[in-house]
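Structure record follows, encoded as structure tokens.
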Amino acid sequence: MATEVPALPAQTFLTGTHVYLRPIEKSDAERSVAFRNTPYPMSPERTEEWMTDDLDESSKSFVYAIVRRTDDGLVGSVAFEREHYLTFEITGWVAPVFGAAGQRWKAEALTIASDWLSEELESPSVSTNLSEADTIVTEDLLGNGFVITSRLREKRINDGVRTGELTLTRFNRAWLETVGDPMVIELAKTGSGLARPVSVRIRSRTSAPKNAVMVGERVYLRPGTEADLEEDVLWQRRESETFHTLGRRLPSLAEFVLDVASDEEEDPLRYVFFSVCDIKTGTFIGEVGLNPVDYLTRTAETASWFHRPEFRG
């Protein structure tokens with residue numbers, strides 16, 4: 001019997017005055033001009049193929065749609081590319097047919113994205129590259145915390161004319177207040193640098209829940225399922241808290257499944273995740289994992305997500 005999926009409330013984050021950001025949906029293929037960052041025509045069929053085979057929802061790169069709030073119309077997209085784990089480069093695109101209004105939507109979308117990355121995901125820096133001809137976007141971003149960090153003369157061609165390219169960067173204020181400017185201040189090293197691995201003790205049992213890998217007094221761990229991912233996606237779209245280390249995300253189920261399948265093809269696994277279940281009811285309540293595992297040095301970083309509020313704390 002199919003699980004009944006409850007209706008989702010209105011999106012609660014990544015929203016602005018005129019536009020908001022959301023995951024790419026299959027129906028967006030019919031508006032490929034609005035969110036493909038290319039001046040060349042692309043058929044809806046080819047765009048749908050791109051969405052199915054090439055669109056990557058991972059920790060390193062992903063794409064969100066820019067949607068107009070007045071009518072939920074798709075007008076553009078923002079592509080996110082993670083650099084050196086913590087810093088991001090973002091690229092905005094709005095269909096040229098929208099003219100100056102579209103450029104203002106693009107600027108607002110980039111500001112929304114940078115707020116989320118800088119303040120919630122705690123990224124030290126967020127950068128975007130613009131043509132010097134993009135005066136509307138540049139002025140709006142400079143008024144919203146960005147600064148020009150580089151200028152390359154005549155790198156781009158705009159309507160047949162050579163123009164410069166600007167790199168605009170927004171720095172996380174808390175990082176700068178805590179550690180100063182990393183380009184000019186050399187920080188002293190701390191710690192011994194020696195790893196101290198501790199082996200996990202798995203207690204043997206005469207009985208265990210179905211497909212359990214490890215069992216505790218209140219919860220047990222098992223491999224994740226697609227049903228877990230579907231529930232996870234629903235809860236992430238309801239998230240109201242911003243305290244997560246990597247902030248809130250808006251994954252689509254199809255992209256989530258593709259990303260997990262790609263990780264599971266590796267042997268040994270570099271990213272190891274388990275579904276956490278209540279030992280009394282078997283209810284899926286979250287995930288824990290190691291991200292990533294370095295088998296040579298026997299080190300990893302832990303990760304956990306508990307999207308159901310009643311199981312937090």
Side-chain angles (χ1 to χ4, degrees), residues 14 16-21 24 31-42 47 50 54-56 60-68 74-119 121 123-173 175-176 180-185:
L14 285 175
T17 304
H18 301 98
V19 298
Y20 67 94
L21 306 183
I24 298 294
R31 298 293 302 276
S32 59
V33 172
F35 73 91
R36 292 303 305 273
N37 188 9
T38 172
Y40 303 107
M42 185 73 70
T47 301
W50 166 75
D54 301 328
L55 186 60
D56 180 26
K60 290 188 176 181
S61 62
F62 49 96
V63 179
Y64 284 165
I66 303 175
V67 183
R68 191 168 44 204
L74 178 68
V75 298
S77 67
V78 177
F80 299 74
E81 188 72 27
R82 189 190 294 271
E83 301 286 343
H84 309 298
Y85 185 69
L86 286 176
T87 61
F88 278 88
E89 181 176 316
I90 55 178
T91 304
W93 169 263
V94 172
V97 69
F98 295 118
Q103 293 304 296
R104 293 187 177 90
W105 297 336
K106 174 181 172 180
E108 183 176 359
L110 291 173
T111 299
I112 294 169
S114 68
D115 286 344
W116 176 56
L117 295 172
S118 179
E119 303 304 325
L121 274 66
S123 176
S125 67
V126 181
S127 299
T128 188
N129 296 321
L130 300 174
S131 166
E132 282 188 317
D134 294 335
T135 55
I136 295 176
V137 181
T138 300
E139 290 175 3
D140 280 5
L141 294 185
L142 291 177
N144 284 285
F146 281 80
V147 294
I148 296 175
T149 52
S150 72
R151 186 191 307 267
L152 299 176
R153 293 190 180 93
E154 299 187 351
K155 182 180 180 181
R156 297 194 180 193
I157 297 179
N158 185 62
D159 291 333
V161 178
R162 285 281 181 181
T163 184
E165 179 181 271
L166 302 175
T167 298
L168 280 74
T169 304
R170 176 177 173 179
F171 295 103
N172 181 295
R173 293 186 298 271
W175 274 72
L176 294 180
D181 188 338
M183 301 301 292
V184 297
I185 299 176

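Hydrogens, waters and symmetry mates are skipped; everything else that's a heavy atom, side chains included, is used. Bear in mind the structure is a predicted one, so any value in this text is a computation, not a measurement.
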Write down the atom of [X], the atom of [Y], and the distance for their closest heavy-atom approach.
X	Y	result
Leu21	Val78	CD2-CG2, 4.2 Å
Tyr64	Leu14	CE1-CD1, 3.7 Å
Ser118	Val126	N-CG2, 4.3 Å
Ser123	Asn172	O-CB, 3.2 Å
Gly92	Leu110	N-CD2, 3.8 Å

Output every pair passing side-chain hydrogen bond (donor to acceptor under 3.5 Å, both in side chains) with a member in residues 145-155, not counting sequence neighbours, ordered by first then second residue.
Glu132-Arg151, Thr149-Thr169, Ser150-Thr167, Lys155-Glu165
Got a sec, which pairs hit side-chain hydrogen bond (donor to acceptor under 3.5 Å, both in side chains) with one end in residues 96-112, sequence neighbours left out?
His18-Glu108
CZ of Phe62 to CD of Glu81: how many Å apart, nearest 0.5 Å?
9.5 Å
In Å and rounded to the nearest 0.5 Å, what is the CG to CD1 distance from Leu117 to Ile112?
12.0 Å
Between Trp116 and Leu121, is any pair of side-chain heavy atoms under 4.5 Å apart?
yes
Residues that Ser125 engages under side-chain hydrogen bond (donor to acceptor under 3.5 Å, both in side chains), provided they are two or more places apart
none
Contacts of Asp115 meeting side-chain hydrogen bond (donor to acceptor under 3.5 Å, both in side chains) (sequence neighbours excluded), chain-then-number -> Arg170
Which donor-acceptor pairs under 3.5 Å do the side chains of residues 134-147 make with protein atoms, sequence neighbours left out?
from: Asp134; atom 1: OD2; to: Ser131; atom 2: N; distance (Å): 3.3
from: Thr138; atom 1: OG1; to: Asp134; atom 2: O; distance (Å): 2.8
from: Asn144; atom 1: ND2; to: Asp140; atom 2: O; distance (Å): 2.7

Please confirm whether the backbone N or O of Ala79 pairs with a side-chain atom of Thr91, one donor and one acceptor, at under 3.5 Å?
no
